[in-house]
Amino acid sequence: MGLLSDPVRRRALARLVLRLNAPLWALPVAWLERTMRSVGLEVYTQSFSRKLPFPDETHERYMVSGTNVYGILRAPRAASTESLVLTVPCGSDSTNSQAVGLLLALAAHFRGQIYWAKDIIFLVTEHDLLGTEAWLEAYHDVNVTGMQSSPLQGRAGAIQAAVALELSSDVVTSLDVAVEGLNGQLPNLDLLNLFQTFCQKGGLLCTLQGKLQPQDWTSLDGPLQGLQTLLLMVLRQASGRPHGSHGLFLRYRVEALTLRGINSFRQYKYDLVAVGKALEGMFRKLNHLLERLHQSFFLYLLPALSRFVSIGLYMPAAGFLLLVLGLKALELWMQLHEAEVGLEEPGGAPGPSVPLPPSQGVGLASLVAPLLISQAMGLALYVLPVLGQHVATQHFPVAEAEAVVLTLLAIYAAGLALPHNTHRPLSCRVVSTQAPDRGWMALKLVALIYLALQLGCIALTNFSLGFLLATTMVPAAALAKPHGPRTLYAALLVLTSPAATLLGSLFLWRELQEAPLSLAEGWQLFLAALAQGVLEHHTYGALLFPLLSLGLYPCWLLFWNVLFWK
Amino acid sequence: MAAPLALVLVVAVTVRAALFRSSLAEFISERVEVVSPLSSWKREWLKAFHCWTWEYLHILEQYFMKVSFCHPGWSAMAQSRLTATSTSQVQATPLPQPPEQLGPQTPLIIYLFHFLIDYAELVFMITDALTAIALYFAIQDFNKVVFKKQKLLLELDQYAPDVAELIRTPMEMRYIPLKVALFYLLNPYTILSCVAKSTCAINNTLIAFFILTTIKGSAFLSAIFLALATYQSLYPLTLFVPGLLYLLQRQYIPVKMKSKAFWIFSWEYAMMYVGSLVVIVCLSFFLLSSWDFIPAVYGFILSVPDLTPNIGLFWYFFAEMFEHFSLFFVCVFQINVFFYTIPLAIKLKEHPIFFMFIQIAIIAIFKSYPTVGDVALYMAFFPVWNHLYRFLRNIFVLTCIIIVCSLLFPVLWHLWIYAGSANSNFFYAITLTFNVGQILLISDYFYAFLRREYYLTHGLYLTAKDGTEAMLVLK
């Protein structure tokens with residue numbers, strides 16, 4: 001592979017890197033266009049703008065407008081029906097400029113080769129993921145997130161695979177690979193295998209979740225380290241946010257991953273040539289593909305790059321957890337049924353005057369109110385924070401983003417107080433005449449089925465999230481009842497509520513990354529995560545926020561209701 | 001009782017109107033569970049058709065003008081119609097030529113929507129409301145009949161002595177019609193299919209009116225509505241038998257091969273049915289002046305050329321099959337829908353409305369392009385059989401299966417079509433489970449019904465020969 005082997009190219013790359021290292025406040029669009037054109041690509045730009053629902057404090061942006069630049073290298077050996085993408089997301093600062101340099105060098109090198117059978121798109125996006133989203137939507141001619149962007153002037157074929165590149169310095173000690181995409185979608189495992197093969201071939205050190213690959217699986221350390229990596233992956237996948245701009249490609253059924261160059265204090269460093277060689281190898285392999293990657297796995301968990309846990313192994317675990325809910329529901333149903341028969345038995349003679357099957361009588365009268373109220377709370381949680389931010393900023397001394405997060409927390413907490421106060425007048429007169437237990441049993445039955453359904457559907461689409469929620473919510477949900485040690489149950493329920501799970505996951509995540517959080521930091525991170533969750537729903541269509549607010553939170557409130565049933 | 005019904009109607013219409021206005025409407029109208037190729041509402045396609053039918057209307061009107069020269073009053077009316085059309089349609093009809101394929105909608109529906117295309121949302125809301133009202137009044141009447149019959153049998157001492165708790169009371173039956181309307185209008189399946197503007201809602205309305213007129217005892221109207229329903233989707237043909245049985249029962253004509261009255265009435269009813277069917281078909285022919293719609297609509301239903309996935313059993317089976325077997329299996333699958341009518345007619349001779357319920361359910365399960373709207377129609381009848389509740393064995397498990405499957409349909413569709421991590425087998429597995437769930441539910445109701453009837457005549461507390469409590473076995 002002749003990439004950068006001659007000194008002229010090497011020098012050109014160094015110049016580019018130097019040029020790009022100068023402080024940049026916006027993407028040098030004209031320069032990029034000129035350079036790409038001089039390399040021999042078809043160059044196009046796309047401008048986009050997006051007003052976020054509320055100011056993003058972690059990235060410091062609100063009204064975003066930017067320009068994407070992309071160059072298409074037309075394949076000499078085939079019609080432009082298929083393409084590959086190499087993308088470099090650029091933030092507001094110049095942290096990723098080395099990657100732009102490598103991209104341009106690769107473009108220049110690829111241009112000289114004759115074996116390309118797929119078009120290659122070199123894409124530089126501004127405002128990292130927002131730019132990628134705008135470009136992808138325009139490329140596929142859809143508009144799912146309300147992004148305003150100019151239509152694309154040039155297209156290549158259907159995108160088969162994409163690699164996103166993030167480098168923060170011109171030497172790297174290792175390459176970190178990120179696979180988790182939007183809503184926990186994963187690329188085909190073969191793409192990852194491809195990357196790993198080329199890293200091994202080039203002697204590059206690669207890491208997963210920032211962890212080195214365990215060498216020795218026979219002693220205790222190897223599996224333990226694998227477990228740490230696995231847990232990190234579960235947490236990241238469960239968060240449902242795209243970890244790198246590859247995450248947005250996955251929605252369009254494009255296999256994609258992000259490579260991050262890490263520059264740590266390790267002695268042995270690689271220059272960009274080694275990274276470029278690995279990338280060239282990957283692109284040549286992808287170029288030879290006759291059809292989409294489809295044979296291997298889409299559903300997997302990774303304890304190490306060379307090992308994976310298949311769905312057949314991990315799904316039964318979630319299945320058994322949900323079975324607990326199912327069996328509990330069945331038990332409640334049997335009890336309800338028996339109580340009904342028991343009610344009828346002593347009556348004997350006045351049988352004809354038994355009005356309805358009693359379970360239905362109870363069900364209709366006393367279940368509608370808590371169900372509606374908790375669903376309404378969920379809807380309020382979903383709609384109000386973003387809608388009411390301006391009202392909140394007018395009346396309280398807070399910024400918009402703070403207002404959103406605080407409203408979110410306030411509604412969440414208010415939900416705990418509300419439902420069990422309102423169901424009493426509605427349900428008492430029905431329940432008191434019948435067996436007193438029937439009311440809460442029926443409610444719990446409904447709540448159990450509701451929870452099992454939701455967790456099942458979530459586990460199918462995003463296993464990590466489903467499993468995480470199942471492990472936390474199932475025990476408390478199965479135990480909840482209005483008798484016995486109520487405070488204990490209440491504490492357990494609060495600790496396993498979705499928000500508490502999020503807080504706990506943040507602490508666990510940082511613990512696994514060996515950067516433990518203090519309580520105050522944890523709280524700050526929690527608030528930031530809430531704001532990010534809401535923002536990502538509105539900007540990229542991440543589903544975690546609506547799932548929690550419209551589905552799991554109301555369901556959890558039902559259990560809270562059961563616990564305080566009078 | 002009118003007030004609660006009105007309230008339910010208002011709630012139902014509000015929910016639908018809100019959904020029509022929301023962004024969900026478009027998503028719902030793309031769902032394969034809600035619309036089939038037979039019932040989908042393709043606005044562009046209808047618009048194209050629109051122009052073409054207008055051309056024929058012009059011809060019709062010119063013909064009409066010629067005829068009406070001798071009737072001055074008519075000609076003035078036709079004149080005004082013609083000017084109205086020519087002003088409004090000039091810009092809309094650049095080249096009126098027939099579409100290449102007629103598409104699987106019946107001509108009358110197209111003709112209807114050619115007038116109502118701009119009020120489609122209103123029309124679908126009204127059809128749903130009409131269905132619910134028709135079912136409400138039908139069941140109200142039916143309950144009266146059931147109660148009268150029960151009283152008669154009690155007076156005649158036909159029931160076993162210890163069945164007091166099985167006897168139905170007016171208290172218990174009072175709210176059933178309202179519950180039926182509620183079950184139909186607020187069933188998520190109905191709401192979805194209304195929001196998707198699936199023409200299945202219109203078929204349901206026709207069947208509901210058929211049931212209403214049958215229960216009211218009007219043989220002529222019943223035959224007309226049955227003919228309309230058959231014309232729409234062919235399968236309601238099998239409802240002829242329960243309709244006839246009910247009308248016979250109402251007129252106290254015994255179902256006997258030797259009885260002359262039985263044959264005369266059956267002949268009359270069949271003639272009314274066939275006659276109105278012929279009239280409707282000829283009307284369609286007159287509208288289009290071609291017979292193309294017969295293969296296009298009924299050929300489409302019977303030969304199942306469109307294998308778009310749906311909640312039915314056909315698509316996967318025929319997508320996987322070798323071409324040269326498919327004719328045989330199409331016949332087998334289609335006969336399957338009609339086959340159950342005969343044994344059911346023999347077994348449920350005395351209970352035509354229950355027969356009708358089972359038959360509607362069978363159509364919804366086994367038809368070639370089922371949607372959730374069809375399922376909603378038979379689900380509306382569940383409150384009528386409230387008294388069977390104590391005999392149902394697996395109602396909890398089966399309800400759970402049906403709910404789980406309904407939720408898993410979109411999830412697995414997403415995994416198959418968008419995420420690419422699952423494949424068609426996953427979706428078909430859920431389709432199978434859903435249908436097995438439905439079949440078991442219906443057979444559970446069937447068994448419960450037979451068991452109750454048995455208990456009514458033989459006594460509730462049966463003992464076996466050895467003195468233990470007896471178990472009934474269905475054979």
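Quantities reported herein were computed from a predicted structural model and do not represent experimental measurements. A, B, ... follow the sequence lines: proteins, then strands. Residue 1 opens every chain.
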_Please classify the contact between B/Ile395 and chain A as side chain, backbone, both or neither, with a heavy-atom cut-off of under 4.5 Å._
side chain
*Can you name the residues that form a side chain to side chain contact (heavy atoms under 4.5 Å, CB included) with A/Leu313, not counting sequence neighbours?*
A/Val309
*Please state whether the side chain, the backbone, both or neither of A/Ala329 comes within less than 4.5 Å of a heavy atom of chain B.*
both
*Measure distances from B/Leu412 to the heavy atoms of chain A and classify the residue's part below 4.5 Å as side chain, backbone, both or neither.*
side chain
_Considering all heavy atoms, the nearest B/His414-A/Thr461 contact_ = CD2-CG2, 4.5 Å
Under 3.5 Å, sequence neighbours excluded: what are the donor-acceptor pairs made by side chains of residues 422-435 of chain B?
residue, atom, partner, partner atom, Å
B/Asn423, OD1, B/Asn425, N, 3.1
B/Asn425, OD1, B/Tyr316, OH, 2.2
B/Thr431, OG1, B/Phe427, O, 2.8
B/Thr433, OG1, B/Ala429, O, 2.6
B/Asn435, OD1, B/Gln438, NE2, 3.2
B/Asn435, ND2, B/Ile311, O, 3.0
B/Asn435, ND2, B/Thr431, O, 3.1

*asked:* Using side-chain heavy atoms (C-beta onward) and a distance below 4.5 Å, is A/Leu336 in contact with B/Phe396?
replied: no
_Between A/Leu186 and chain B, with a heavy-atom cut-off of 4.5 Å, which part of the residue counts as in contact: side chain, backbone, both or neither?_
neither
*asked:* Looking at A/Arg251 and B/Ala419, would you say the former's side chain and the latter's main chain have a donor-acceptor pair under 3.5 Å?
replied: no
*What do you reckon, is NZ of B/Lys149 surrounded by more than 12 foreign heavy atoms closer than 6.0 Å?*
yes
_Walk me through whether B/Leu408 and A/Leu453 qualify under side chain to side chain contact (heavy atoms under 4.5 Å, CB included)._
CA-CA 9 Å; B/Leu408 284 183; A/Leu453 278 177; over 6 Å; no
*Under a 4.5 Å cut-off applied to non-hydrogen side-chain atoms, are B/Ile403 and A/Ile449 in contact?*
no
